[in-house]
Amino acid sequence: MSITERLTEGVRTALANAGLPEPPTCVWEVPRQPEHGDYATNAAMTLARAAKKPPRQIAELIVKHFPSLPEVERLEVAGPGFLNVFLAPAWCAGALREILAAGDHYGRSEAARGRRIRLEFVSANPTGPLVIVNARAAAIGDSLARLLRSQGAAVTTEYYVNDAGTQFEALARSFEARVLQELGQPVPLPDNGYPGDYLIDLARDYVSECRAKGADGMQALESRVVGSERERLEHFGRWAVARILEQQRRALRDYGVEYDVWTSEQRDVRDRGLAEQALEALAARGLTYEKDGALWFRSTEAGDDAGDEKDRVLRRSSGEVTYFAVDIANHHYVKFADADRVIDLFGPDHHGYVPRLRAAMQALGHPAEAFEVLIVQLVTLLRDGQPVRMSKRRGEFVLMEELLEEVGRDAARFTFLTRRHDSPLEFDLAVATRQSSENPVYYVQYAHARIRSIDRQVGEQGIAVPPLEKADPSPLTAPEEQALIKRLLQYPEVVRGAAQALEPHRVAYWLSELAAAFHPYYKNHRVIQDDRRLMLARLALCATVGRVIRNGLELLGVSAPESM
RNA sequence: GCGCCUGUAGCUCAGUUGGAUAGAGCAUCGGACUUCUAAUCCGAGGGUCGCAGGUUCGACUCCUGCCAGGCGCACCA
């Protein structure tokens, strides 16, 4: 049980003893000012109306009837009715040993045990390489998966491959044109084609691979380019998608992001006839109608509050199902098949699409809270203060690989994770590169490296150290030491809060604060010294800080270096 | 025109689900290395929380209306 849970229990007991009603919730916060205690609650103020007593009086009653707990040194009533809790130093120091014993388990919980979560992120069209905003979504999505798993949830991460439909065809046509150009034929790039140089490179690869197979290969190629349109698009499209997907997968792997599932729109949804099945399910609920030869979804009736009060097409008059229809099927039959909660990370260009998808999910019987969409806002890339224009269509962009090369994986991930996902982000490449040594990520990592360095010194000096989780922490009486320990005790609740709110940036900020508490301590107090009892206690404290930094950085997918 | 996101220190961003005197990093200025790593530490300056109302014991946080920027409003995805 966490500290705040214990405190909440104490408050409830006190209220019961005092004959007062219980609050619906008891929210604890860590006050900004140390003199306001280690934890504070406004329970008395929220109770004032129901109890018909002034807040301060209620708080006094809580203090009077509060049970004796080993965690608590004293309680104070302050301000308009705050209840401030001061933790007992001896208990805090003792908790250090429990953290060390918990090891990489510290910060984990079973709060989400039994929850099955499907988490989709990045899912860029397989029509080009990944770019910077994809790196942002990858960092957030991957960290979310780690956070949710740390709370016991069974998370399946998914990359949805949009390998069908209009954009797939555009890619296929563009690639075919590049192949023909490579063969010396002066064919133009189609309208709405993809002009990027990467397709020229791919076409060159394609042709040289055919050539490498000798006469057979070239013959196969020649028969391909004269096939029916459907055959040609299928062949060139599949080939290009497979290559581009492989590039994307490699870039993500270099970034430390691996997926559990790569869903193919064509293979896993369309070929299984799930779209038609979804349309029937909606029709059975009376939520579709025919108009102008097309099949429509009664979006507004189903709760689509996008504001434009328009119904949405599910099947075009041409007979083709829309992306929307396929997506409904994907969510309903594929994602929800083995999950009770579905989370999608979308770009801001898709936010208008969310209400209709949400409406469709609810129409198909999924509770509103079971389907969540996080909008990951755009990254404005600056180079020397000037915005870098990016357009996949015009073939101008900064690749995810280039970002990694310039600023590094850890710095890139940490930077993305120090912003809320729904906040637009400015990323100045020149600044990030030039000032990389002053990036907050290095501040946190350096704290870890310093701790490791102490361990190395201990080893080199031949100092015998018994298992630190059994060390006596009572010599840790300095204010900085007490403050560090109390901060370490907050970690599990920070992680839980971040997981619950789907906000990994909370962990990143908290780690910076932990490092900010450690560095001055390191400066002012020598760990290795003659007083053996004190040294062992400090070694235990440092080991705990190092452990928590490792655990926290792991949740962000950032490495904890042994030395820097 | 309608909808979504954003607006907090010179810059980039946090702000604990409505709490106490609004914070961090960078940048600027001034100090600290004979000692476990100076990618560090100590100190200083810097604010009409876009604007105006409202809700209440209390508002950066919630509501309404404006202003500014970004994005979206297809039988595209």
Side-chain angles (χ1 to χ4, degrees), chain A residues 25 27-33 35-36 40-42 45-46 48 54-55 78-82 84 125 127 162 164-168 170 192 265 291-296 305-310 312-318 320 322-324 326-327 347-355 375 377-378 380 385 415 418-420 422-428 431 435-443 445-447 449-458 460-461 490 493-494 497 500-501 505-506 508-510 512-513 515-516 519-529 538 542 563-564:
Chain A
T25 55
V27 178
W28 294 94
E29 59 166 10
V30 177
R32 265 191 294 272
Q33 315 269 334
E35 54 268 32
H36 291 154
T41 184
N42 60 356
M45 286 179 274
T46 60
F82 287 104
N84 295 339
N125 279 337
T127 52
N162 182 219
T166 316
Q167 304 213 354
F168 171 77
N192 299 322
E265 175 179 342
K291 192 182 87 181
D292 301 334
L295 185 72
W296 296 71
D305 54 354
D308 53 3
E309 300 193 347
K310 276 182 198 158
R312 314 291 170 181
V313 172
L314 293 164
R315 189 173 51 223
R316 288 171 243 177
S317 48
S318 67
E320 286 277 304
T322 59
Y323 174 85
F324 179 41
V326 178
D327 214 23
D349 51 338
H350 283 72
H351 74 246
Y353 175 74
V354 175
I375 302 295
Q377 284 292 336
L378 290 176
T380 307
T415 300
T418 46
R419 265 79 164 182
R420 285 202 327 270
D422 58 350
S423 170
L425 183 158
E426 278 194 12
F427 200 113
D428 193 317
V431 171
Q435 301 170 347
S436 63
S437 63
E438 286 139 29
N439 191 307
V441 69
Y442 299 105
Y443 188 74
Q445 289 183 317
Y446 188 50
R450 277 182 145 176
I451 289 165
R452 288 308 217 194
S453 177
I454 296 172
D455 294 340
R456 280 193 296 275
Q457 276 293 320
V458 166
E460 282 170 24
Q461 294 180 24
Q490 298 165 6
E493 292 181 27
V494 170
Q500 194 182 327
H505 74 274
R506 295 189 189 191
Y509 272 90
W510 187 85
S512 296
E513 287 165 10
H519 283 303
Y521 173 67
Y522 176 93
K523 183 79 177 177
N524 296 326
H525 300 270
R526 279 196 68 80
V527 175
I528 298 173
Q529 57 170 303
R538 287 184 173 169
C542 288
S563 64
M564 290 173 70

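A note on names: the letters A, B, ... follow the listed sequences, proteins ahead of strands, and every chain is numbered from 1.
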Give me the distance, rounded to whole Å, that separates U61(B) from G53(B) when you measure between the P atoms they each carry. 14 Å
Who does C41(B) pair with, Watson-Crick or G-U, both distances under 3.5 Å? G31(B)
P gap between U56(B) and C13(B), integer Å: 36 Å
Minimum heavy-atom separation for Ser317(A) to Ala294(A), with atom names? N-CB, 3.9 Å
Ranking Gln457(A) and Thr41(A) by the position along RNA chain B of their nearest nucleotide, the one closer to 5' is Thr41(A)
Between Lys310(A) and C73(B), is there a contact of a side-chain N or O with OP1 or OP2 at under 4.0 Å? no
Is a donor-acceptor contact shorter than 3.5 angstrom present between the side chain of His350(A) and the base of A77(B)? yes
State, yes or no, whether a side-chain contact exists between Arg419(A) and Gln377(A) at a heavy-atom distance under 4.5 Å. no
Using the C1' atom as the reference point in each nucleotide, state the distance between U28(B) and G72(B) in Å, no decimals. 41 Å
Report the glycosidic orientation of U17(B): syn if within 90° of 0, anti in every other case. syn
Rounding to an integer number of angstrom, what distance separates G7(B) and G47(B) when you compare their C1' atoms? 15 Å
Quickly work out the Gln377(A) CD to G70(B) P distance and round it to whole Å. 13 Å
Interatomic distance at C1', U12(B) relative to G58(B), whole Å: 31 Å
Rounding to an integer number of Å, can you tell me how far Tyr509(A) OH sits from C26(B) C1'? 12 Å
Given that both distances must come in under 3.5 Å, which nucleotide forms a Watson-Crick or G-U wobble pair with C49(B)? none
Can you measure Asp422(A) atom CG to C71(B) atom C1' for me and round it to whole angstrom units? 13 Å
If the C1' atom of C51(B) is compared with that of G46(B), how far apart are they to the nearest Å? 23 Å
Angle between ring planes, Tyr353(A) versus Phe324(A), binned at 30° and 60°: parallel, tilted or perpendicular? perpendicular
Partner of A9(B) under the Watson-Crick or G-U wobble criteria, both distances under 3.5 Å, comes out as none
May I have the distance from Asn524(A) (atom CG) to G43(B) (atom P), rounded to whole angstrom? 10 Å
Can you check whether Arg32(A) has a side-chain N or O nearer than 4.0 Å to OP1 or OP2 of G15(B)? no
Provide the Watson-Crick or G-U wobble partner of A59(B), both distances under 3.5 Å; none if there is no partner. none
Closest of C57(B), U17(B), C13(B) to the Met45(A) side chain is C57(B)
Residues Arg456(A) and Ser563(A): closest non-hydrogen pair is NH2-CB, 3.6 Å
For A22(B), which nucleotide is its Watson-Crick or G-U wobble mate, given both distances must be under 3.5 Å? none
Looking only at C13(B), G3(B), A32(B), the nucleotide nearest the Lys523(A) side chain is A32(B)
Which of these nucleotides, A14(B), C76(B), G19(B), is closest to any side-chain atom of Pro80(A)? G19(B)
Are Phe82(A) and the base of G19(B) stacked, counting only ring centres nearer than 5.5 Å and planes tilted under 30°? no
Measuring from Glu29(A):CD to Phe82(A):CZ, what's the distance to the nearest 0.5 Å? 6.5 Å
Using Watson-Crick or G-U wobble geometry with both distances below 3.5 Å, tell me the partner of C71(B), or none. G3(B)
Between Gln500(A) and Thr166(A), who's closer to the 5' end of RNA chain B by nearest nucleotide? Gln500(A)
Counting distance only, does the side-chain N/O of His519(A) pair as donor-acceptor with the main-chain N or O of Tyr443(A) below 3.5 Å? yes
Under 4.0 Å from OP1 or OP2 of A39(B): is there any side-chain N or O of His519(A) that close? no
Say we look at G23(B) and G45(B): how far apart would their P atoms be, to the nearest angstrom? 13 Å
His36(A) on top of A20(B)'s base, within under 5.5 Å and under 30°? yes
Between C5(B) and A39(B) - C1' atom distance, rounded Å: 36 Å
Do side-chain atoms of Arg506(A) reach the backbone of Val494(A) as a donor and acceptor pair under 3.5 angstrom? no
Among G25(B), U40(B), A39(B), find the nucleotide with the atom closest to the side chain of Arg450(A). U40(B)
Given the structure, check if the side chain of Asp349(A) and the base of G72(B) hold any donor-acceptor pair shorter than 3.5 Å. no
Expressed in angstrom and rounded to an integer, what is the separation of Glu320(A) atom CD from A77(B) atom C1'? 13 Å
What is the separation between atom OH on Tyr446(A) and atom P on G25(B), rounded to the nearest whole Å? 17 Å
Return the value, rounded to whole Å, for the distance between atom CG of Asp292(A) and atom P of C75(B). 10 Å
Is Ser317(A) side chain donor-acceptor paired with the C75(B) base, going by distance under 3.5 Å alone? yes
Distance in angstrom units between Glu493(A) CD and U17(B) P, rounded: 12 Å
Distance check: side-chain N/O of Arg420(A) vs OP1/OP2 of U6(B), anything under 4.0 Å? yes
Once hydrogens and angles are ignored, does a donor-acceptor distance under 3.5 Å link the base of A20(B) to the side chain of Asn84(A)? yes
Does Tyr443(A) place a side-chain N or O at less than 4.0 Å from the phosphate oxygens OP1/OP2 of C41(B)? yes
For Ile528(A) and Ile454(A), the nearest pair of non-hydrogen atoms, with its separation, is CD1-O, 4.0 Å
Per Ala501(A) side chain, nearest of listed nucleotides U16(B), A14(B), U17(B): U17(B)
In Å and rounded to the nearest 0.5 Å, what is the CH2 to CD distance from Trp28(A) to Gln490(A)? 14.0 Å
